[in-house]
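Below: the structure, in structure tokens.
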2 protein chains.
Amino acid sequence: MATIHDIARQAGVSIATVSRVIKGGANVKPETYQKIIEVMKALNYRPNRIAQKLVKKQTTSRTIGILIPDITQTFFLEIIRGIYNVLRVEEYNLFIFNILSLAGSSIFPHILEENLAGLLVINFRLSKEEANLLRHHHLPFLVLENYLSYAHSIYVNNKKGGELAAQYLLSHSLKKIALIGEARHTLQQEQRFQGFKNYLQKNHVHLPILEEYISIDPHLPYSHYTQVAYELTLQLVTQEGVDGFFFYCDELAYGGIAARKEIDKKIFIVGYDDLPASSYLGLTTIRQPAQEIGRLGASTLMRLLQAEADEPYLHLCLDPQLIVRN
Amino acid sequence: MATIHDIARQAGVSIATVSRVIKGGANVKPETYQKIIEVMKALNYRPNRIAQKLVKKQTTSRTIGILIPDITQTFFLEIIRGIYNVLRVEEYNLFIFNILSLAGSSIFPHILEENLAGLLVINFRLSKEEANLLRHHHLPFLVLENYLSYAHSIYVNNKKGGELAAQYLLSHSLKKIALIGEARHTLQQEQRFQGFKNYLQKNHVHLPILEEYISIDPHLPYSHYTQVAYELTLQLVTQEGVDGFFFYCDELAYGGIAARKEIDKKIFIVGYDDLPASSYLGLTTIRQPAQEIGRLGASTLMRLLQAEADEPYLHLCLDPQLIVRN
DNA sequence: CTGAAAGCGCTTACAG
DNA sequence: CTGAAAGCGCTTACAG
């Protein structure tokens with residue numbers, strides 16, 4: 001890569017003059033300007049933005065980073081929408097890190113390289129070490145959709161959500177229940193299913209329960225799994241006699257809804273999230289308001305940017321809500 | 001802001017030793033390390049990432065920027081989802097610029113500061129000068145949802161879309177038609193409405209046409225305007241006797257759908273976009289596949305990053321499609 | 001374990 | 001209109 005010195009040498013001028021041309025060419029003789037422009041073209045010169053920033057002391061950015069597992073999942077997309085609703089008004093840019101490709105290697109060095117004003121960590125198992133690393137580098141951050149004792153966090157009570165789902169399904173007399181989740185076994189999923197099973201135990205219900213986990217290829221758009229869930233539902237109803245379903249998330253439950261239309265048996269389905277489309281589909285689900293979580297997260301982070309570094313950890317637990325439809 | 005020199009002075013060591021501590025403290029005597037850490041804390045020191053990058057020659061980034069008017073609009077959110085579907089697999093990060101706050105001032109200096117690998121310009125009237133500026137700085141870019149003679153662009157034929165909408169509405173015998181748009185009067189909107197009116201003219205149809213423009217406050221989430229459109233629709237039907245509606249976009253048309261439910265008169269509605277929810281709502285609309293446009297844009301840009309700088313401009317025009325529902 | 005020195009690629013008074 | 005020089009805040013051989 002050519003530098004300002006290469007250009008200066010080739011053009012037979014000083015780097016100061018080249019620098020003036022980079023800035024637009026004020027106070028440079030037209031012939032000199034032309035000559036320098038030509039050399040720049042010939043060498044395919046691009047000024048180094050990093051160096052420009054250093055000397056200009058452009059150190060603070062108005063950019064918020066977000067660490068999110070999978071934007072193709074509608075729930076996370078809605079969270080982002082909520083976040084951006086706040087950021088746009090506050091005049092911040094949004095930097096979305098790609099965490100798909102990090103087999104083994106850590107993303108945190110990359111995060112620290114990007115001069116961010118703050119970071120939102122969404123649905124990500126941030127370790128204590130990683131949290132300390134961020135703090136050590138004075139990057140304010142906030143964890144969403146996950147409870148962490150060692151960080152500011154805003155989350156929804158997943159166990160409670162699972163209980164609500166169980167409560168709903170048990171209000172109908174069912175024969176066999178299936179829990180449908182992802183083979184990734186996220187913490188959120190474990191908690192929801194745990195809450196579900198706890199409720200059965202507490203109420204001494206001895207219903208046969210099946211657990212099925214769909215293996216997720218992160219390279220495929222998440223919508224693909226709606227189809228997989230559809231087929232799985234059909235199979236479980238016809239071959240296993242399942243008549244109650246609790247899906248880890250609405251997008252999987254949509255597959256269940258599609259299957260239900262083709263079956264003459266009466267089956268009950270509960271999803272999780274309450275995405276915008278769920279109301280149109282008449283899906284009974286556990287509501288966790290994605291956009292509001294995003295907005296709340298972003299505005300809280302904005303507040304943290306102004307605050308003292310040593311503010312005690314904020315732990316905000318939101319309650320999910322059962323939405324019965326159809 | 002404290003620098004490495006301040007720390008070195010306070011701690012009574014050289015900047016080289018401080019630098020070692022920044023990197024984690026290898027080859028530093030524990031006492032020295034402690035002392036330096038303390039001074040850093042006391043002065044609230046944060047290493048300058050820009051300087052670090054300069055010296056480490058970290059010049060190229062794997063980040064794609066996008067310039068988009070309003071992510072709160074579902075259509076644009078879906079485009080982003082399509083873009084990200086590609087970027088995540090290609091291992092690029094996504095930088096979303098906030099263009100809300102730029103009254104007067106240009107965003108392009110900010111864009112050039114960010115050391116991006118490429119830029120997607122979505123639904124934005126990029127001037128010839130701005131295009132040249134980007135080229136001058138060797139930032140590969142691609143324009144989406146807008147035809148520009150002086151840039152690579154991928155867009156949907158809006159006039160054709162307007163014609164399709166007119167064709168549909170005229171297949172029913174209507175008394176009065178309303179075109180409902182935004183007072184922002186984007187180019188896309190003008191073209192759609194122009195196509196609509198052209199079709200009427202060409203077919204010598206002399207139907208009374210009303211045009212109504214909803215004024216948009218960019219600080220409000222776009223969903224707010226669904227409600228505004230709802231009220232406007234009610235009013236136009238009851239007070240003006242309108243029985244045919246062409247909405248600039250589906251999200252506005254949803255308001256029309258909601259109004260239709262409360263009216264006993266038969267009215268016809270066409271939207272534009274065909275968002276995911278539109279099928280559930282039974283909305284007749286002009287389809288322009290947002291996710292696919294995003295994917296196509298991103299993958300084309302990826303290709304451009306590898307290509308010669310002087311490749312002839314790519315102009316890809318997609319045809320919209322009438323989707324009749326209900 | 002530590003420091004002096006060179007250097008990353010620029011900008012910008014200052015002097016001419 | 002132009003250049004020499006200092007400096008932006010770091011890292012990293014190299015020598016000790």
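Bear in mind the structure is a predicted one, so any value in this text is a computation, not a measurement. Residue numbers begin at 1 in each chain, while the letters A, B, ... track the order of the sequences.
Qualifying side chain to side chain donor-acceptor pair (under 3.5 Å) partners for B/His315, counting only residues two or more places apart in sequence or in other chains: none. Shown here are the side chain to side chain donor-acceptor pair (under 3.5 Å) partners of A/Asn44, two or more places apart in sequence or in another chain: B/His138. Residues passing the salt bridge (charged side-chain N to carboxylate O under 4.0 Å, His left out) test with A/Arg135, sequence neighbours excluded: none. Taking the side chain to side chain donor-acceptor pair (under 3.5 Å) definition, one finds that B/Tyr150 meets it with nothing, sequence neighbours left out. In this structure B/Glu78 satisfies the salt bridge (charged side-chain N to carboxylate O under 4.0 Å, His left out) test together with B/Arg81, sequence neighbours excluded. With sequence neighbours left out, the salt bridge (charged side-chain N to carboxylate O under 4.0 Å, His left out) criterion links B/Arg303 to B/Glu311. Every side chain to side chain donor-acceptor pair (under 3.5 Å) that A/Arg184 has, sequence neighbours left out, goes to A/Glu182.
For the P atom pair drawn from D/dC1 and D/dA5, the interatomic distance equals 24 Å after rounding to whole Å.
The phosphate of C/dC1 (OP1 or OP2) has no side-chain N or O of B/Thr17 nearer than 4.0 angstrom.
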Q. So what's the dot-bracket for DNA chain D: Watson-Crick or G-U pairs under 3.5 Å, [ ] if a pair crosses, | if it pairs off-strand?
A. |||.||||||||.|||
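Remark: P of C/dG3 and CG of B/Asn27 are 13 Å apart, rounded to the nearest angstrom.
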(Q) Strictly under 4.0 angstrom, non-hydrogen atoms only: write out the protein contact profile of nucleotides 9-15 of chain C, one letter per nucleotide from the 5' end, B, S or -. (A) BBBBB--
